[in-house]
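Reading through the structure tokens given below for one structure.
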Amino acid sequence: MASNESSPLAGLLVRAAVVRDPALGFVLACDPKLAAADVDHTISFRWKSGVFNAGRAKYSAIALCIVERPEYGVVKVSASGVYSVETRSGIAVSNLFRDASPARSSPRFGDLRSVVAIDGRAYAVGFEGMVFRLDGPNRWARIDEGLPESFDIEALDGFSDDELYAVGFGGQAWARVNQVWEPLDVGVNTVLTSVHCSEHGDVHAAGHRGVLIRGRGAMWEVLPQDMKKDIWGLAWFGGQLYVSTLSGLYRLVDDLLEPVDFGADPPKTTYRLSAANGVLWSIGAKDLMAFDGVRWSRIA
């Protein structure tokens, strides 16, 4: 167990993280003083078996994912479109908006908001209805034809390239089935920040004021909750849905959210979630926690 004070992340703010297995994960952080001065930078870490290895970049990565296609690696993106693809073959750094094809008939100027791995490939999404798929180290395919500029996307997930779900502002949600985007009526009008497709075939989406919905295709239901905090992270782990806010973690039990007990060393910050191969990470601005299904432990 690492204390906050002794961690290499001490004094930094975690922006995002992703776990691959109980012994490997990747973290994006920033120096709060440089961030306050609007200096573009990223301090990235590869965490392996308790050891942090750090690197630096001159762009502000906000999200990352682990990919298997076209080869194993880590993809990082910034709001402005600068990205890196780090594989065994090397590191490619470029600008997504410049590299994406086909070209738009009219430009869009929204920020990127997140990147996620679906079926081993990276998908990046952003405001003004932007969705991109990574097909090669410097090759992004624009797959948002049919989405309106008024759709400010926060998050995307899917079961495969043939069934994707995007959510965002105003309770907007769209599904891409067989390469065609269609709007969904999900019964809410608040900002949706997260969406997750579970191994059991359900799609959950969540957002501001504790909104949580479940469905697939054209059928959706709202799961009313007493908890009214904004939700920022969803993950499926151990056969249950975990839900993260900025001040606590919950799990869905009989369609109701129950607070998670971290034990003797609870985090002071929570935000996003990442789960893979028998481990769940809770990612906060100043805390990084791991759950193996039995016990929580502090990574940083």
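Reckoned from all heavy atoms, side chains included, excluding hydrogens, waters and symmetry mates. Computed from a predicted model, the values in this text were never measured in an experiment.
- From Arg214, atom CZ reaches atom OG of Ser198 across 9.5 Å, with rounding to the nearest 0.5 Å.
- Ring centroid separation for the pair Trp140 and Tyr83 comes in under the 6.0 Å cut-off.
- Counting heavy-atom neighbours within 6.0 Å of Asp226 CG, excluding the residue itself, gives a total of 12 or less.
- Annotation for Ile43 and Asp31: closest pair CD1-N, 4.1 Å, computed over non-hydrogen atoms.
- Judged by a 6.0 Å distance limit and a 45° cone about the ring axis, Arg216 is positioned over the six-membered ring of Phe159.
- Taking each heavy atom of Ala155 and Thr193 in turn, the nearest pair found is CB-O, 3.4 Å.
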(request) Check the pair Trp47 / Trp281 against ring pair (Phe, Tyr, Trp, His ring centres under 6.0 Å), numbers first and verdict last. (result) CA-CA 12 Å; Trp47 178 86; Trp281 275 16; 5.8 Å; yes
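- Remark: of the listed residues Arg104, Arg108, Arg133, Arg104 is the sole one forming a side-chain hydrogen bond (donor to acceptor under 3.5 Å, both in side chains) with Asp144.
- A salt bridge is defined here as a Lys NZ or Arg NE, NH1 or NH2 lying under 4.0 Å from an Asp or Glu carboxylate O, and Asp40 with Lys58 fails to meet this definition.
- Distance alone, capped at 3.5 Å, is enough to place a donor-acceptor pair between the Thr42 side chain and the Ala61 backbone.
- Counted within 6.0 Å of CG on Asp202, heavy atoms from surrounding residues, nucleotides or ligands total more than 12; the atom is thus considered enclosed.
- For Phe127 and Phe169, the ring centers sit closer than 6.0 Å to each other.
- Here the closest heavy-atom approach between residue Trp296 and residue Ser282 is recorded as CZ3-CB, 4.0 Å.
- Between Leu112 and Ile62 the shortest heavy-atom distance is O-CD1, 3.4 Å.
- What you find for Gly73 and Thr87 is that their closest heavy atoms are CA-CG2, 4.1 Å.
- Nearest heavy atoms, Val167 versus Ala173: CG1-CB, 4.1 Å.
- With contacts defined as side-chain heavy-atom distances shorter than 4.5 Å, the pair Cys30/Leu12 does not qualify.
- A salt bridge does not link Arg139 to Asp99: none of the charged nitrogens lies less than 4.0 Å from a carboxylate oxygen.
- In this structure, the separation between CZ on Arg88 and CD1 on Ile91 is 13.5 Å, given to the nearest 0.5 Å.
- For the atom pair Leu241 CG and His196 NE2, the distance stands at 7.0 Å (nearest 0.5 Å).
- When side chains are defined from C-beta on, Val125 does not count as touching Val116, because their heavy atoms never get closer than 4.5 Å.
- A salt bridge links Arg176 with Asp161: the distance from a Lys NZ or Arg NE/NH1/NH2 to an Asp or Glu carboxylate oxygen falls below 4.0 Å.
- When side chains are defined from C-beta on, Val115 does not count as touching Phe132, because their heavy atoms never get closer than 4.5 Å.
- In this structure, CG on Leu223 lies 6.0 Å from NE2 on His204, to the nearest 0.5 angstrom.
- The 12-atom threshold is exceeded at CD of Glu221, counting heavy atoms of other residues, nucleotides or ligands nearer than 6.0 Å.
- Between Arg121 and Glu71, no side-chain nitrogen of the basic residue sits less than 4.0 Å from a carboxylate oxygen of the acidic one, so the salt-bridge criterion is not met.
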